[in-house]
Amino acid sequence: MHSAHTVSVVREAERALMARVPEGALMRRAAAGLAAECAGLLPRVYGAGVVLLVGGGDNGGDALYAGALLASRGASVRALAAGRTVHEGGADALRAAGGRILPFAGGAAEEAALFDADLVVDGLVGIGGRGGLREPHAALAVLASNAPARVVAVDVPSGVDADTGEVAGPAVRADTTVTFGTHKPGLFVDPGAERAGRVRLVDIGLGPELPGPALVRPQAVDIAALLPAPGAEQDKYRRGVLGVRAGSDPYRGAAVLCVGGALRTGVGMVRFGGGRGVADQVIGRWPEAVADLRDPQSSTDLSPGRVAAVVIGPGRGTHPANADELRAVLDSEVPVLVDADGLTLLTGGGGGPLSALLRERAPQTLLTPHAGELSRLLDVDRADVEARRLEHAARAADRFGCTVLLKGSTTVIAHPGAPAVANPTGTPLLATAGTGDVLSGAVGALMASGLPAREAATCGAYLHGRAASLARGGAPISASDLLDALPLAVAEVTRGRAV
């Protein structure tokens with residue numbers, strides 16, 4: 001797992017470490033790592049043109065010291081100062097190595113310097129930056145983002161909130177971000193993650209001072225360790241039976257996709273509950289599924305039946321009878337994943353909001369909203385959710401006492417009292433109808449196999465994202481393409497697990 005810590009935690013760890021090391025040691029460690037990463041991005045250091053964008057704080061100091069190291073190796077290094085003052089020690093080191101420091105006045109000469117550079121280093125604003133960039137920092141951020149040279153951000157791209165990933169106005173768009181001591185949550189969550197490019201971590205000795213992370217970003221080896229491994233003594237019941245309450249006459253495909261996502265992720269059995277027309281289509285595509293004719297608009301028994309977990313909501317509809325079905329499922333003693341129409345029903349209908357049932361449940365519950373659905377659950381603007389995905393996913397998890405998987409450009413998973421999870425896989429190709437139904441089935445299968453909701457969501461989102469990349473080699477996909485690619489994603493992740 002890649003671990004990320006908030007700014008306040010990083011600052012406290014830095015203070016503890018600085019009390020035990022010589023003055024300036026941390027900055028020099030950071031600068032050495034930054035200079036090494038910059039050198040690796042250049043065809044050669046000698047004769048290369050490097051432009052540093054520096055503010056008045058320690059972030060600018062890191063850039064200046066790194067620039068001095070590059071200048072000592074023969075690079076032509078110029079620093080554009082965004083304010084009246086720059087880090088004194090870093091400035092002295094750069095001048096001593098042959099570099100130059102120029103005030104930024106917004107003229108054509110400075111703009112030409114950026115566009116002629118081989119490498120631009122963003123040291124304008126560090127991890128303490130909040131809100132939008134002020135001038136001239138904002139103008140420099142725009143120029144850097146439009147320059148043809150590679151851009152390296154120091155610790156975090158200027159204009160990106162290190163804790164949340166929020167971008168409130170102009171921000172540097174980096175090719176590489178070199179971050180120090182630990183990752184920052186905003187580097188892993190959009191829109192900040194999209195500005196960060198490739199993230200490289202430089203160890204400056206903070207590890208022993210850091211508590212548990214605020215956010216984690218899993219790797220393939222972490223997913224392999226979590227995924228259930230079928231044993232020789234298992235049968236279909238021990239592998240897990242998933243109840244699927246999805247689809248309706250207008251949206252029969254949602255049921256087909258959800259059931260397929262479960263079967264192709266690995267589950268002992270799927271029991272599909274629904275009307276005959278939808279059930280016929282499900283069994284026609286997936287004959288291994290079991291039809292349980294429990295149409296919410298005609299059945300008197302809406303309980304989940306003998307299953308280990310239930311997925312409810314995709315394409316199900318919002319008729320009052322569907323609210324009764326959702327209530328019956330939430331009243332059960334099995335883990336439940338609520339998606340799509342089920343999320344709409346949580347906010348009203350059936351004589352009143354059903355969301356109050358969530359906190360009363362002993363079994364685990366997982367909600368899988370996109371930004372629009374979460375905005376309705378929390379009664380906030382969708383734009384606010386998209387700008388601060390971590391914050392709103394965590395709010396929903398705390399409010400409803402359950403796990404929340406917030407879908408989007410960065411899928412975020414929040415669970416009360418646990419580090420948030422930022423999924424590293426996925427592609428914009430997933431922005432097509434039905435892919436969320438496949439995800440619900442995949443995660444539901446993992447819940448039925450015994451994984452807790454947070455771990456099932458983590459694994460399911462990772463596999464779903466990898467399947468999208470594997471399905472057609474980067475060509476456009478449909479949701480159905482994921483069904484053949486999910487086993488490939490599972491095999492890819494678990495390939496090294498077998499002894």
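Index from 1, following the sequence.
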Chemist: Tell me whether Ser248 contacts the main-chain N or O of Gly315 through its side chain, where contact means a donor paired with an acceptor under 3.5 Å.
Modeler: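 Such a contact is found between Ser248 side chain and Gly315 backbone.
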
Chemist: Indicate whether any N or O donor in one side chain lies under 3.5 Å from an N or O acceptor in the other, for Asp190 and Thr410.
Modeler: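 Present: a donor and an acceptor within the cut-off.
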
Chemist: Measuring only between side-chain heavy atoms, which start at C-beta, is Arg73 closer than 4.5 Å to Tyr46?
Modeler: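 The answer is no; the side chains never approach within 4.5 Å.
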
Chemist: Between Ser145 and Arg173 (side chain of the first, backbone of the second, donor and acceptor by atom type, cut-off under 3.5 Å), is there such a pair?
Modeler: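 Yes, because the side chain of Ser145 sits within donor-acceptor range (under 3.5 Å) of the backbone of Arg173.
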
Chemist: Under 4.0 Å between a side-chain nitrogen and a carboxylate oxygen: does that hold for Glu325 and Arg294?
Modeler: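 No salt bridge links Glu325 with Arg294.
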
Chemist: Would you check if the side chain of Gln364 reaches a backbone N or O of Pro452 as a donor-acceptor pair within less than 3.5 Å?
Modeler: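 Here the side-chain-to-backbone pair does not exist.
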
Chemist: Check each of Val167, Ile127, Val172, Leu187 against Val160 using the side-chain contact (heavy atoms from CB on, under 4.5 Å) test, and report the only one that passes.
Modeler: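 Among the candidates, only Val167 passes.
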
Chemist: Is there a side-chain contact between Ser332 and Ser303, using heavy atoms and a 4.5 Å cut-off?
Modeler: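 Contact flag for Ser332/Ser303 side chains = no.
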
Chemist: For Asp161 and Gly165, indicate whether the former's side chain and the latter's backbone hold a donor-acceptor pair under 3.5 Å.
Modeler: no

Chemist: Under the 3.5 angstrom rule, does the side chain of Trp286 hit a backbone N or O of Val256 as a donor-acceptor pair?
Modeler: yes

Chemist: Between atom CG of Leu488 and atom CG of Leu463, what is the distance when rounded to the nearest 0.5 Å?
Modeler: 11.5 Å

Chemist: Rounded to the nearest 0.5 Å, how far does CG of Leu405 lie from CG of Leu374?
Modeler: 11.0 Å

Chemist: Report the distance from atom CG of Asp62 to atom CG of Leu34, rounding to the nearest 0.5 Å.
Modeler: 7.0 Å

Chemist: Is the shortest side-chain N to carboxylate O distance from Arg252 to Asp249 below 4.0 Å?
Modeler: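 Counted as a salt bridge, because a side-chain N and a carboxylate O are separated by less than 4.0 Å.
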
Chemist: Is there a side chain to side chain contact (heavy atoms under 4.5 Å, CB included) between Phe180 and Leu206? Walk through the geometry before answering.
Modeler: CA-CA 9 Å; Phe180 308 126; Leu206 281 190; over 6 Å; no

Chemist: Just so I know, are the side chains of Leu41 and Thr176 near enough to count as touching, which here means a heavy-atom distance under 4.5 Å?
Modeler: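 Yes, at least one pair of side-chain atoms sits under 4.5 Å.
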
Chemist: For the backbone of Thr435 and the side chain of His464, can you confirm whether one donor and one acceptor N or O come within less than 3.5 Å of each other?
Modeler: yes

Chemist: Are more than 12 heavy atoms, taken from residues, nucleotides or ligands other than Arg29, located less than 6.0 Å from that residue's CZ atom?
Modeler: yes

Chemist: Would you indicate whether the side-chain heavy atoms of Val490 and Pro487 approach each other to under 4.5 Å?
Modeler: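 Side-chain contact under 4.5 Å: no.
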
Chemist: Please tell me if the side chains of Pro228 and Leu446 come closer than 4.5 Å, counting only heavy atoms from C-beta onward.
Modeler: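 Counting from C-beta outward, Pro228 and Leu446 do come under 4.5 Å.
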
Chemist: OH of Tyr251: more than 12 outside heavy atoms within 6.0 angstrom?
Modeler: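 At most 12 heavy atoms, drawn from other residues, nucleotides or ligands, come within 6.0 Å of this atom.
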
Chemist: Hey, what do you get for CG (Leu343) to NE2 (His370), rounding to the nearest 0.5 Å?
Modeler: 8.0 Å

Chemist: Enter the distance from Glu209:CD to Leu17:CG here, rounded to the nearest 0.5 Å.
Modeler: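 Glu209 CD to Leu17 CG: 5.5 Å, rounded to 0.5 Å.
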
Chemist: Should the heavy atoms of other residues, nucleotides or ligands under 6.0 Å from CZ of Arg395 be counted, would the total exceed 12?
Modeler: yes

Chemist: Is Asp122 salt-bridged to Arg195, cutoff N-O under 4.0 Å?
Modeler: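 So Asp122 does not pair with Arg195 through a salt bridge.
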
Chemist: In the structure I gave you, are the side-chain heavy atoms of Met269 and Leu242 within less than 4.5 Å of one another anywhere?
Modeler: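 The answer is no; the side chains never approach within 4.5 Å.
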
Chemist: If we only count heavy atoms from C-beta on, is the Val438 to Leu483 side-chain gap below 4.5 Å?
Modeler: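 The answer is yes, as the side chains (C-beta and beyond) meet within the 4.5 Å cut-off.
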
Chemist: Atom CZ in Arg306, atom CG in Asp292: separation rounded to 0.5 Å?
Modeler: 12.0 Å

Chemist: So Thr179 and Val202, do their side chains get closer than 4.5 Å, heavy atoms only?
Modeler: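 No; the side chains remain at least 4.5 Å from each other.
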
Chemist: Could you point out which residue of Thr177, Asp155, Asp163, Thr6 forms a side-chain hydrogen bond (donor to acceptor under 3.5 Å, both in side chains) with Lys184?
Modeler: Asp155

Chemist: Salt bridge or not between Asp481 and Arg472? Use side-chain N to carboxylate O under 4.0 Å.
Modeler: yes

